[in-house]
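Here's the structure we're looking at; comments come further down.
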2 protein chains.
Amino acid sequence: MAVRAGLTTAKVVDAALELVDEQGVEALTLAAVAARTGVATPSLYKHVASLGDLRGQVGLRVMQDMTARLTETVVGRSGDDAVSALMHAYRAYVQEHPKRYAAAPMDPLHDELQRAAGLKFMELVLATLRSYGLEGSDAIHATRRLRVIVHGFASIESSGGFGLPEGLDDTYAQLVRMYLDDLRGQS
Amino acid sequence: MAVRAGLTTAKVVDAALELVDEQGVEALTLAAVAARTGVATPSLYKHVASLGDLRGQVGLRVMQDMTARLTETVVGRSGDDAVSALMHAYRAYVQEHPKRYAAAPMDPLHDELQRAAGLKFMELVLATLRSYGLEGSDAIHATRRLRVIVHGFASIESSGGFGLPEGLDDTYAQLVRMYLDDLRGQS
DNA sequence: GCCCAAAAGCTAACTTCATTAGCCTACGAC
DNA sequence: GTCGTAGGCTAATGAAGTTAGCTTTTGGGC
């Protein structure tokens with residue numbers, strides 16, 4: 001008969017990510033991915049272990065994509081400039097792909113598949129903060145504070161959680177300034 | 001035959017919340033709630049319109065419960081003391097019911113059922129900030145910044161997103177201090 | 001060019017859920 | 001006591017994940 005679909009795990013994840021971007025995480029179903037890739041549902045099991053596995057791979061992809069994007073943003077910058085750019089780029093990424101953000105893992109370090117990507121992301125933040133000369137646990141705390149702010153804002157914004165979109169740029173700018181003031185203050 | 005189960009919408013939501021606390025939001029299924037309340041699955045439709053409706057009601061309940069708890073915490077306090085107490089009580093609530101927090105709505109204002117509770121929560125925060133004398137949009141921004149911090153931290157902590165639990169109390173204390181410093185700085 | 005093992009699909013079947021339809025009866029108001 | 005309704009039930013449908021087992025494409029070695 002005809003030719004095979006020629007799927008690979010990567011192509012399945014591609015299709016899943018498109019689906020998530022278009023219809024949200026709840027719409028990520030093996031049946032929908034199968035339809036989109038032109039294959040019967042059970043065939044997907046040749047490329048993916050389960051729906052849970054697929055979710056994990058989509059999350060991994062999002063995290064890698066974000067890390068790549070943020071890395072580009074940060075290279076060549078340092079100090080407040082770098083931190084500000086990182087935070088704004090994080091928000092911009094989530095604004096461009098709002099549905100997708102809900103698929104990103106919140107605990108990548110506890111997942112075998114995602115751990116490496118999670119560490120990479122963490123190291124990017126640590127590197128961005130390098131010029132502040134934070135030592136040991138101070139660096140960890142500073143990284144966590146940054147994460148709390150960017151994730152907190154992005155998760156609320158991407159799920160439409162702010163009553164009105166009005167003035168959100170200002171709110172975010174204030175958060176960035178607050179973080180930077182704090183960083184300076186305790187350095 | 002025997003006596004009726006005597007269910008009410010409230011009892012169904014009670015059971016659903018127990019289920020969520022024990023096994024997480026993903027485990028919230030009509031079949032499980034029916035089993036727990038000793039009734040056949042379709043009988044639940046006499047008290048709840050759908051699974052989505054039940055989810056909404058559980059979310060509402062969580063939000064009301066949190067608001068009640070935080071209100072108790074904040075009365076009789078003002079200024080930094082009130083803000084700090086509010087933020088710590090928010091975290092404490094989520095620590096006590098980690099699974100539950102994932103069921104809380106992120107956009108209560110956009111849901112007919114939850115809107116009133118969402119406004120009540122917002123007003124609690126605004127009231128807590130009252131003594132800082134913020135006017136108009138400044139008050140809105142300050143409320144948002146607080147929400148970003150408490151939600152950001154709570155959502156990450158409750159889903160086990162911090163690599164190690166070590167030092168989390170310190171991280172949170174720093175966030176609270178950062179927020180307060182910022183509030184004072186711009187007042 | 002041919003052969004074959006493995007990879008990639010497929011269909012059939014099962015399970016768990018949500019949801020709807022339609023029936024039956026406990027029970028409170030009168 | 002009776003009667004309407006609310007609260008429960010069973011049966012049935014449809015979507016989705018998953019497993020088993022069959023078929024066939026396909027690419028590598030001869």
Side-chain angles (χ1 to χ4, degrees), chain A residues 1-61 99-100 102-103 105 111-114, chain B residues 1-61 99-100 102-103 105 111-114:
Chain A
M1 285 213 196
V3 89
R4 282 190 187 167
L7 279 192
T8 62
T9 300
K11 287 182 185 172
V12 172
V13 176
D14 288 345
L17 194 52
E18 281 177 27
L19 198 64
V20 168
D21 279 338
E22 291 168 18
Q23 312 183 37
V25 257
E26 336 71 43
L28 176 51
T29 165
L30 288 180
V33 172
R36 182 175 287 254
T37 52
V39 121
T41 306
S43 303
L44 293 176
Y45 285 84
K46 288 290 154 84
H47 306 284
V48 135
S50 67
L51 175 60
D53 177 35
L54 179 57
R55 289 207 188 103
Q57 304 236 27
V58 168
L60 170 62
R61 188 70 82 74
K99 309 261 181 73
R100 197 166 169 138
D111 182 304
E112 190 55 44
L113 181 68
Q114 302 167 335
Chain B
M1 283 215 193
V3 91
R4 282 190 188 169
L7 278 193
T8 62
T9 299
K11 287 183 186 171
V12 172
V13 176
D14 288 346
L17 195 52
E18 281 177 27
L19 197 65
V20 168
D21 279 339
E22 291 170 15
Q23 310 185 38
V25 258
E26 335 72 42
L28 176 52
T29 167
L30 289 180
V33 171
R36 181 174 289 253
T37 52
V39 120
T41 306
S43 304
L44 294 176
Y45 285 85
K46 289 289 155 84
H47 307 284
V48 135
S50 66
L51 175 60
D53 177 36
L54 179 56
R55 289 206 187 102
Q57 305 235 28
V58 168
L60 171 62
R61 187 71 82 72
K99 307 259 180 76
R100 196 164 169 141
D111 182 303
E112 190 55 45
L113 181 69
Q114 301 168 335

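Protein chains get the first letters and strands the later ones, always in sequence-line order, with residue 1 at the start of each. Since the structure is predicted, the reported quantities are computational estimates derived from the model, not experimental observations.
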CD (B/Q23) and NZ (B/K99) are apart, to the nearest 0.5 Å, by 8.0 Å
What does B/A31 touch in the nucleic acid at a heavy-atom separation under 4.0 angstrom: a base, only the sugar-phosphate, or nothing? sugar-phosphate
For DNA chain D, which residues in residues 17-28 of chain B have a heavy atom at a distance below 4.0 Å? none
May I have the distance from B/L44 (atom CG) to D/dT10 (atom P), rounded to whole angstrom? 13 Å
Counting side-chain heavy atoms from CB outward, which of D/dC9, C/dG9, C/dA18 is closest to B/A40? D/dC9
Atom CG of A/L30 and atom P of D/dT19 are separated, to the nearest Å, by 11 Å
If you look at every strand shown and take non-hydrogen atoms under 4.0 Å, does B/S50 touch a base, only sugar-phosphate, or nothing? sugar-phosphate
Polar-atom pairs under 3.5 Å, protein N or O versus N or O of nucleotides 12-15 of chain C: list them with distances, or write none.
none

Go through C/dT19, D/dT19, D/dG8 for me and flag the one nearest to the A/Y45 side chain. D/dT19
Atom-to-atom span, CG of B/L7 to P of D/dG7 - whole angstrom: 9 Å
To the nearest 0.5 Å, what is the distance between CG on B/L60 and CG on B/D111? 8.5 Å
Report all interatomic pairs (protein N or O, nucleotide N or O of nucleotides 4-7 of chain C) with separations under 3.5 Å.
unit_1, atom_1, unit_2, atom_2, d
C/dA7, N3, A/R4, NH2, 3.3

Roughly how far, to the nearest 0.5 Å, is the CZ atom of A/R61 from the CD atom of A/Q114? 13.0 Å
Evaluate the side-chain proximity of A/L44 to A/L7: yes if any heavy-atom separation is below 4.5 Å, no if none is. yes
Nearest 0.5 Å, please: how far is CG in A/L17 from CD in A/E22? 10.0 Å
Selected nucleotide, minimal atom distance to A/T29 side chain, candidates D/dG17, C/dG9, D/dG8: D/dG17
State which residue, out of A/T8, A/V13, A/T9, fulfils the side-chain contact (heavy atoms from CB on, under 4.5 Å) condition with A/K11. A/T8
Could you tell me how far apart B/D53 (CG) and C/dA18 (C1') are, to the nearest whole angstrom? 14 Å
Nearest-angstrom distance from the residue atom NZ of B/K11 to P of D/dG7: 11 Å
Enter the distance from B/E18:CD to B/T37:OG1 here, rounded to the nearest 0.5 Å. 10.5 Å
Pairwise distance OG1(A/T29) to CG(A/L54) - rounded to 0.5 angstrom: 9.5 Å
When we call it a touch if two heavy atoms are under 4.0 Å apart, what does A/S43 touch: a base, just sugar-phosphate, or nothing? base
